[in-house]
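Here's the structure, in structure tokens; my notes come after.
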Amino acid sequence: MAARRPPQAAHWDLVDSPARTLPPSPDPVGDVLVDWFAEAARDLAWRRPGTDPWAVLVSEVMLQQTPVARVEPVWRDWMDRWPTPVALATASPAEVIRAWGKLGYPRRALRLRETAVALTERHGGVVPADVAALEALPGIGTYTARAVACFGHGQPQPVVDTNVRRVVARLVHGRAEAAPARAADLTDVAVLAPADPERAARFSVAVMELGALVCVARTPRCAVCPVRTDCAWRLAGCPAPDGPPRRVQRFAGTDRQVRGRLLDVLRGAEGSVAAPQLDEAWADAVQRSRCLDSLLADGLVEQTADGRFTLPAG
DNA sequence: TAATCGTGGTT
DNA sequence: TAACCAAGATT
């Protein structure tokens, strides 16, 4: 349990006032969440002691829009093969695309490799702790930069991902769903953080963990929520989402599916592949050609001098 | 700003 | 079964 907060030394304590006889105020939400995290946190591979900032960075990029369960085995494999930025910088694009497997959004694999090169060439092979320097790296945006600074370097950085936006929407704003991301999200969550820097750093993971385990999107588990008595959404009677329903992203039949099929053929092949082999991946020749072009443009596929296709050698 | 970019488990 | 959902970034 949390240490109870000492009584506030407010100015009216100097006079005889009923305030000084009130029971101690409840722990701030931030402290409650930090203490909840200490007992409820998942034992994830990248949270083990000794995980360095590079390993955290790799995990964060893999976790972008990708469930934890699918990331774990791939992350272990990557860290075995490329335990440092310098190690990854020597790998070829083909190698990292294959090692990425079916995590999805394979451009992340290329950008991660580019980040390794940038760290090697411009940062002495070290992952910076500075948010701005991190954000300048390929594939590292506002979320991932702060996540690496916080989880990798222990900095007290506010971190906002989809989990945090949902928790803040309910807990603070009393809404059922997270609004689209905005700049103020950062301060929304920052004001909840404990003042102590170490606890503030733990708080950032704790809020995310609450969103991942308890304050989940579909069916929140309010009965076991450590901050249910503070929750504005619950106090408002758990109102339904107000705005129009968000569009679901279709997948079947899209270019994304076709790109995935094409890349899957190339990942599975030993060396290069002739065009007719790619034809089997998708029937519609127009769409297939468009997608192959986009893969070439993205640097995920390469054409050889004799017209065959391969994963890029480097 | 909104569209695009994979994949597969869950409901 | 179709829809939902998952530690976002980029253009």
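Remember, it's a predicted structure, so these values are computed and weren't measured experimentally.
- The stretch residues 42-63 of chain A does not touch DNA chain B, since none of its heavy atoms comes less than 4.0 Å from the strand.
- When atom types are taken as modelled, the side chain of R165(A) and the backbone of A178(A) share no donor-acceptor pair closer than 3.5 angstrom.
- Here R290(A) lies out of heavy-atom contact (under 4.0 Å) with every strand.
- Positionally, the nearest nucleotide of DNA chain B for P106(A) lies more toward the 5' end than for the other of P106(A) and R218(A).
- Judged by distance alone, the side chains of R108(A) and T66(A) do bring a donor and an acceptor atom under 3.5 Å apart.
- Distance Q249(A) CD to dG6(B) C1': 10 Å, rounded to the nearest Å.
- Nucleic acid contact class of P138(A) (heavy atoms, under 4.0 Å, all strands): sugar-phosphate only.
- Defined by atom type and a distance below 3.5 Å, a donor-acceptor pair is missing between the side-chain atoms of Y143(A) and Q64(A).
- Between the CE atom of M208(A) and the C1' atom of dA6(C) there is a distance of 11 Å, rounded to whole Å.
- Taking only side-chain nitrogens and oxygens, R108(A) never comes nearer than 4.0 Å to OP1 or OP2 of dT7(B).
- One finds no side-chain N or O of R70(A) lying less than 4.0 angstrom from the OP1 or OP2 phosphate oxygen of dT10(B).
- Between the CG atom of D185(A) and the P atom of dG8(C) there is a distance of 13 Å, rounded to whole Å.
- Note on G104(A): a base of the nucleic acid sits closer than 4.0 angstrom, heavy atoms only.
- If you take atom P in dA7(C) and the same atom in dT4(B), they sit 23 Å apart, rounded to whole Å.
- No salt bridge links D161(A) with R146(A); every basic N to acidic carboxylate O contact stays at or beyond 4.0 Å.
- Distance from the side chain of V68(A) is smallest for dA7(C) among the nucleotides dA7(C), dG8(C), dT10(C).
- Taking side-chain N and O atoms only, Q65(A) has a distance below 4.0 Å to OP1 or OP2 of dG8(C).
- Within 6.0 Å of CD on E198(A) lie no more than 12 heavy atoms contributed by other residues, nucleotides or ligands.
- Contact annotation for A217(A): backbone-only contact, meaning every heavy-atom pair under 4.0 Å involves sugar-phosphate atoms and none involves a base.
- At the heavy-atom level, S294(A) lies nowhere under 4.0 Å from the strands shown.
- Residue Y105(A) contributes atom OH, which lies 10 Å from atom P of dG8(C) at whole-angstrom precision.
- Spacing of P atoms, dT11(C) relative to dG6(B), comes out at 14 Å, to the nearest Å.
- Looking at L33(A), D230(A), L171(A), V227(A) one by one, the single match for side-chain contact (heavy atoms from CB on, under 4.5 Å) with L192(A) turns out to be L171(A).
- Across all strands, T254(A) comes closer than 4.0 Å to no nucleic acid atom at all (heavy-atom distances).
- Without hydrogens or angle criteria, R202(A) side chain to V34(A) main chain gives no donor-acceptor distance under 3.5 Å.
- Atom CG of L213(A) and atom C1' of dA6(C) are 13 Å apart (whole Å).
- Salt bridge annotation for D264(A)-R267(A): present, with a cationic side-chain nitrogen under 4.0 angstrom from a carboxylate oxygen.
- Within 4.0 Å (heavy atoms only), F251(A) reaches at least one base atom of the nucleic acid.
- For the pair R165(A) CZ and dA9(C) C1', the computed distance is 13 Å after rounding to whole Å.
- Comparing dA7(C), dC5(B), dG8(B) against the side chain of K102(A) picks out dG8(B) as the nearest.
- An OP1 or OP2 oxygen of dT4(B) is reached within less than 4.0 angstrom by no side-chain nitrogen or oxygen of R256(A).
- Of the two residues contacting DNA chain C, namely L137(A) and V205(A), the nearest-nucleotide position lying further toward the 5' end is that of V205(A).
- Counting to the nearest Å, the C1' atom of dT7(B) and the CZ atom of R107(A) are 15 Å from each other.
- In terms of heavy-atom proximity, V71(A) sits nearest to M62(A) at CG2-O, 3.4 Å.
- Atoms CG (D293(A)) and P (dC5(B)) sit 13 Å apart, rounded to a whole Å.
- Scanning atom types as modelled, one donor and one acceptor separated by under 3.5 angstrom connect the side chain of T66(A) and the base of dG6(B).
- Heavy atoms of T162(A) sit under 4.0 angstrom from primed sugar atoms or phosphate atoms, though from no base atom.
- When heavy atoms are screened at a 4.0 angstrom cut-off, L263(A) is found touching no nucleic acid atom at all.
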